[in-house]
Protein chains: 2
Amino acid sequence: METRKKGPSGRPRGFDADQALERAMLVFWEHGYEGASLAALTDAMGISATSVYAAFGNKQELFRKAMERYATGPSDYLVRALEQPTARGVATELLAGTIRTTTRPSGPQGCLGVQGALAASDSGREVRDLLADWRNDSCCRIQERFRRAADEGDLPPGTDPAVLARYVTTLAFGIAVQAASGVCGDELRAMADAALRTWPPV
Amino acid sequence: METRKKGPSGRPRGFDADQALERAMLVFWEHGYEGASLAALTDAMGISATSVYAAFGNKQELFRKAMERYATGPSDYLVRALEQPTARGVATELLAGTIRTTTRPSGPQGCLGVQGALAASDSGREVRDLLADWRNDSCCRIQERFRRAADEGDLPPGTDPAVLARYVTTLAFGIAVQAASGVCGDELRAMADAALRTWPPV
DNA sequence: GAAGTTCCGCATCGATCACTACGGAAATCG
DNA sequence: CGATTTCCGTAGTGATCGATGCGGAACTTC
């Protein structure tokens, strides 16, 4: 499993795979998995369908890679939120990051992990389940962080980390829906500020 | 515009249009607007495509009628919530109704108004905007109810009805996403109880 | 019964879906 | 250079999409 190039490698590909994946992610983000046709994807990526399948497998694999890129790119605020020193900081950073990413002026509105495939036909069931797992995993990671906060005395006694994690992720997913509906960031920030003023909701 | 039957009416339709629309709504609810194919719809409705177009126009019109049925059926908890005597009662009934409808054991999980068309291709843009308007309208009606509550002294001075309405609808939409992810009703109820324990979040 | 109207199953429309076979062009090797 | 390997544009695969034309059957009113 050498990463070095060895042997006759033939003609190298004539496009930037990273840039192509970035553009594919934006199309999936805006139109969802099933709403993004191969024609729309290849058009945005600037390459032919042949190149897409040679470089990424098929549409489903392309979406998986686009989702990974989304998780480590536009959605990396989750990691930064988990690194906050206090539970309140975690919630604050999570909601602020969600609002920032879902209402960015240039780019799709909403969250790829939510609107990528919330409901789908039978052929899109796997992708739908993939995103559901991603959302539940996000909730679990926050729950673990809140459990640690409870152990550290950062949360009032009797606070249930699971309920608290479900609460902040519900707000985050709701923000994603509001953003997809065209609600602006300022209004969502005012809402998040109000919600965080009573923290934690024991 | 008589509702009576007059003149030669020809052969009456051989199916129950109300029942067919109910079944179409369930298919749209589960698979979304674009994820519900005409084949799946006609199969569930028990009638041919010809009958669908004769009775409901086209797929988009069928969805509009299904959405109206959803608003006055499974989603009628919104009206009951708005009729509650206190602002706290409005929020409590809204969240309870949302959880009840989005996690019913038999039937689709989630909310048709959210997952019906959160992201869509170009051909589904009109339906997507229709649902976005429905969501924003729901928020506006709640905002008006909270404004009345503020006038009646039912809310602390300085409370912004718009922010409060955005808060409860964000929770409701988030609940719909959680339900679509397979989260059970009990867990969501515990979360809603915690959120309502600190009310209002001024 | 006769005339008129509507229903609806069958077959199919063109468009688009995700996907791929083919082959010439281009680049890397010895 | 020649040989080899890979890329990728063109064209087209069968399947499915939403939506209809047709015509016989069924039901109405007269």
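Every chain is numbered from 1 and lettered A, B, ... according to where its sequence line falls, protein lines coming before strand lines.
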Novice: Any idea which heavy atoms bring A:V168 and A:F146 closest together, and the distance?
Specialist: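 Looking at all heavy atoms of both residues, the shortest contact is CG2-CE1, 4.0 Å.
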
Novice: Under 6.0 Å from the six-membered ring centre of B:F28 and within 45° of its axis: does the NZ or CZ of B:K59 meet both?
Specialist: no

Novice: Only one of A:L164, A:T169, A:D137 clears side chain to side chain contact (heavy atoms under 4.5 Å, CB included) with A:I142; which?
Specialist: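 Considering A:L164, A:T169, A:D137, a side chain to side chain contact (heavy atoms under 4.5 Å, CB included) with A:I142 is found only for A:T169.
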
Novice: Regarding B:D122 and B:R125, does a basic nitrogen lie under 4.0 Å from an acidic carboxylate oxygen?
Specialist: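 Answer for the salt bridge query: yes.
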
Novice: Starting from the first five and the last five pairs of the helix from C:dG1-D:dC30 to C:dG30-D:dC1, work out the angle between the resulting helix axes, to 10 degrees.
Specialist: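 Comparing the axis at each end, I get an angle of 10°.
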
Novice: Going by side chain to side chain donor-acceptor pair (under 3.5 Å), name the pairs with one or both residues in residues 79-91 of chain A, residues two or more places apart or in two chains.
Specialist: A:D76-A:R80

Novice: Would you check, one step at a time, whether the test side chain to side chain contact (heavy atoms under 4.5 Å, CB included) holds for A:L118 with A:R128?
Specialist: CA-CA 6 Å; A:L118 198 53; A:R128 191 199 60 181; over 6 Å; no

Novice: Going by heavy atoms closer than 4.0 Å, what residues in residues 112-123 of chain A are next to DNA chain C?
Specialist: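 Within this stretch, nothing sits under 4.0 Å of the strand.
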
Novice: Any side-chain donor paired with an acceptor under 3.5 Å for A:T103 and A:Q109?
Specialist: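 On atom types as modelled, these side chains do not qualify, holding no pair under 3.5 Å.
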
Novice: Quickly work out the B:N58 CG to D:dG18 P distance and round it to whole Å.
Specialist: 11 Å

Novice: Who are the ring-ring contact (aromatic ring centres under 6.0 Å, His included) partners of A:F173, not counting sequence neighbours?
Specialist: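 A:F173: no ring-ring contact (aromatic ring centres under 6.0 Å, His included) contacts found.
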
Novice: Please report the distance, rounded to the nearest Å, between CZ in A:F56 and C1' in D:dC7.
Specialist: 14 Å

Novice: Would you mind telling me which of A:D154, A:D160, A:L155, A:V163 makes a side chain to side chain contact (heavy atoms under 4.5 Å, CB included) with A:P200?
Specialist: A:L155

Novice: Can you list, in residue-number order, the parts of residues 25-39 of chain A that come under 4.0 Å of DNA chain D, counting heavy atoms only?
Specialist: none

Novice: Taking all atoms of both residues into account, what is the closest heavy-atom pair of A:A172 and A:L94, and its distance?
Specialist: CB-CD2, 4.5 Å

Novice: Could you state the CG-C1' distance from B:L41 to D:dC17, rounded to the nearest angstrom?
Specialist: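 To the nearest whole Å, that distance equals 12 Å.
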
Novice: Take the protein atom CG of B:D43 and the nucleotide atom P of C:dG9, then report the distance between them rounded to whole Å.
Specialist: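 Value for this atom pair: 13 Å.
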
Novice: Counting only side-chain N and O atoms of A:Y53, is one of them less than 4.0 Å from OP1 or OP2 of C:dC19?
Specialist: yes

Novice: Output one line per pair: protein atom, nucleotide atom from nucleotides 8-12 of chain D, and distance, for all N/O pairs under 3.5 Å.
Specialist:
{"unit_1": "D:dC8", "atom_1": "OP1", "unit_2": "A:G14", "atom_2": "N", "d": "2.3"}
{"unit_1": "D:dG9", "atom_1": "OP2", "unit_2": "A:S48", "atom_2": "OG", "d": "3.1"}
{"unit_1": "D:dT10", "atom_1": "O4", "unit_2": "A:T50", "atom_2": "OG1", "d": "3.2"}

Novice: Can you measure B:Q60 atom CD to D:dG18 atom P for me and round it to whole angstrom units?
Specialist: 12 Å

Novice: Return the CG to CD1 distance between B:L188 and B:I99, rounded to the nearest 0.5 Å.
Specialist: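 Reported to 0.5 Å precision, the distance equals 5.0 Å.
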
Novice: Round to a whole Å and report the spacing from CE of B:M45 to C1' of C:dG9.
Specialist: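 Going from CE in B:M45 over to C1' in C:dG9 covers 16 Å.
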
Novice: Return yes if some donor-acceptor pair links the side-chain N/O of B:E93 with the main-chain N/O of B:Y77 below 3.5 Å, else return no.
Specialist: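 Here the side-chain-to-backbone pair does not exist.
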
Novice: Are there over 12 heavy-atom neighbours, none belonging to A:E126, within less than 6.0 Å of that residue's CD?
Specialist: no

